[in-house]
Amino acid sequence: MPELPEVETVRAGLEKYVVGKRINNAESFHARATKSNSIAPLSSSIGAQIKSVKRRGKFLWFDLDRDYVLVAHLGMSGQLLVQPQTNSFQPHLRAKFELSGGGRSKSEIRFIDQRTFGWLAIEELINGVPSSIKNIALDPFEIDFNLKQVVSNIKRRKSAIKPAILNQSILSGIGNIYADEALWRAKIHPEIICEDLSEDEIKKVLTSAIYVMKSAIKAGGTSFDEQYKNVNGESGYFSRSLKVYGREGEPCPRCRSEIRRIAFANRSSHFCPRCQR
DNA sequence: CAAACTACCTGACTGC
DNA sequence: TGCAGTCAGGTAGTTT
């Protein structure tokens, strides 16, 4: 599910409700909720205070007053909700973290994940990021993100442009929705080979992705169904602003040609055959 | 090394 | 109604 804008919406929500709280109890309900490379069980977070909530691309982590952090990836269907402990459990509840404070109405972080591609882990920081994120490139909203460098990296590649911008080791955060939206905005066909694009065209694709993701963050992310929610369990509104994703057969908002969907690199790609040659 | 492919899951939906 | 097939926003590991 969630791409950078959805994960950022979740991060901001967590920051609002959990920073400064202590983890009074932690429980896991599913073996795959804890990633196999976790250096300790989730229960080792018990007693820790949450100092901040960070993000790179689609990865989240909680800084603790410890020498390790609690990392989360939502995969395709993961949610992190902050709820009163008295609320009844959702289906697919995989783990929960009870929080201090709040008097009688104590809250907890709940990790819910239908498809179990998401995970949590206890990890050490290496150069300021969790160890499992060492191969994940900077996302475009990080201070040190270098647009020029990413453009020249992509310019040298022999793959199509779409898989390149989905490759989290080149830049992180873009997923299938925002890739299609960025390519539509930049008027670039998803199957064009990177080498055959000019640096300006590649730059246009990336600045389009940044623009679309910024707009999506403002709208609280994209929700199609029950699989993406912010920490309060609310859906985002960006799906109504999508121009091509999920709009096969509808007219292109720019030229009225019929939007097409093709299967490509094991995913759907939506594009306008007239605007994106 | 880069690129392409596969595996990992559950559930909603479609067409017969 | 039931059943097989398809599809879904992700990453990681293996093969070429």
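Throughout, protein chains are lettered first and strands after them, A, B, ... in sequence-line order, and every chain is numbered starting at 1. All values reported here derive from a predicted model rather than from experimental measurement.
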**Prompt:** Regarding A:R11 and the six-membered ring of A:W61, is the cationic atom NZ or CZ under 6.0 Å from the ring centre and inside 45° of its axis?
**Reply:** no

**Prompt:** Whole-Å distance between C:dA8 C1' and A:D180 CG?
**Reply:** 14 Å

**Request:** May I ask you to say whether A:R55 pairs ionically with A:D139, meaning some side-chain N is under 4.0 Å from a carboxylate O?
**Result:** yes

**Fill in**
Taken to the nearest whole Å, CG/A:N167 to P/B:dC1 is 14 Å

**Message:** Can you measure A:I193 atom CD1 to B:dA3 atom C1' for me and round it to whole angstrom units?
**Reply:** 11 Å

**Prompt:** If you measure from the P atom in C:dT6 to the same atom in B:dT6, how many Å do you get, rounded?
**Reply:** 15 Å

**Request:** Taking the side chain as every heavy atom from C-beta outward, state whether A:N87 and A:R110 have any atom pair closer than 4.5 Å.
**Result:** yes

**Request:** Please tell me if the side chains of A:T116 and A:H92 come closer than 4.5 Å, counting only heavy atoms from C-beta onward.
**Result:** no

**Prompt:** In whole Å, what separates the C1' atom of C:dT11 from that of B:dA12?
**Reply:** 23 Å

**Prompt:** The side chain of A:N266 lies closest to which of these nucleotides: B:dT6, B:dA3, C:dG9?
**Reply:** B:dT6

**Request:** Answer yes or no: is there a side-chain heavy-atom contact under 4.5 Å between A:L99 and A:K106?
**Result:** no

**Message:** Rounding to an integer number of Å, can you tell me how far A:Q79 CD sits from C:dG9 C1'?
**Reply:** 12 Å

**Request:** Would you classify A:Y178 as touching base, sugar-phosphate or nothing, given that sugar-phosphate means primed atoms plus P, OP1 and OP2, and contacts are heavy atoms under 4.0 Å?
**Result:** nothing

**Prompt:** Do the charged groups of A:E258 and A:R260 touch, with an N to O distance under 4.0 Å?
**Reply:** no

**Prompt:** Are the charged groups of A:K155 and A:E199 less than 4.0 angstrom apart, N to O?
**Reply:** no

**Item:** d(CD, A:E191; P, B:dA4) in whole Å
**Value:** 11 Å

**Request:** Describe the nucleic acid contact of A:R156 in one word from base, sugar-phosphate, nothing, applying a heavy-atom distance below 4.0 Å.
**Result:** nothing

**Request:** Name the nucleic acid region contacted by A:T222, choosing base, sugar-phosphate or nothing; use a 4.0 angstrom heavy-atom cut-off, strictly under.
**Result:** base

**Message:** Work out how far the P atom of B:dC9 is from that of C:dT14, and round it to whole angstrom.
**Reply:** 16 Å

**Prompt:** Does any donor atom in the side chain of A:Y211 or A:E181 lie under 3.5 Å from an acceptor atom in the other side chain?
**Reply:** no

**Message:** I'd like to check A:Q276 versus A:F271 (side-chain heavy atoms, cut-off strictly below 4.5 Å). Are they in contact?
**Reply:** yes

**Asked** Atom CG of A:L60 to atom C1' of C:dG10: distance rounded to whole Å?
**Response** 14 Å

**Request:** Could you tell me whether A:S223 contacts a base, only the sugar-phosphate backbone, or nothing, with contacts defined as non-hydrogen atoms closer than 4.0 Å?
**Result:** base

**Prompt:** Taking 4.0 angstrom as the limit, do A:D113 and A:R32 come out as a salt bridge?
**Reply:** no

**Involving DNA chain C, stems made of at least three consecutive Watson-Crick or G-U pairs, both distances under 3.5 Å** = B:2-8 with C:10-16, B:10-16 with C:2-8

**Request:** Specify the separation, in whole Å, of atom CG of A:D113 and atom C1' of C:dG10.
**Result:** 10 Å

Taking N or O atoms only and anything under 3.5 Å, show me the protein contacts with nucleotides 8-13 of chain B, one pair per line.
{"residue": "B:dC9", "atom": "OP1", "partner": "A:R32", "partner atom": "NH1", "Å": "2.9"}
{"residue": "B:dC9", "atom": "O2", "partner": "A:R115", "partner atom": "NE", "Å": "3.2"}
{"residue": "B:dT10", "atom": "O2", "partner": "A:Q114", "partner atom": "OE1", "Å": "3.0"}
{"residue": "B:dG11", "atom": "O4'", "partner": "A:Q114", "partner atom": "OE1", "Å": "3.3"}

**Atom pair distance, as rounded to whole Å: CG in A:N230 and P in C:dG9** = 21 Å

**Asked** Thinking salt bridges, do A:K54 and A:D63 make one under a 4.0 Å N-O criterion?
**Response** yes

**Request:** Evaluate the ring planes of A:W119 and A:H73, with Trp represented by its six-membered ring, and classify them as parallel (under 30°), tilted (30 to 60°) or perpendicular (over 60°).
**Result:** parallel

Just the atom pairs and distances: protein N or O near nucleotides 11-16 of chain C's N or O, under 3.5 Å.
{"residue": "C:dT11", "atom": "OP2", "partner": "A:K58", "partner atom": "NZ", "Å": "3.1"}

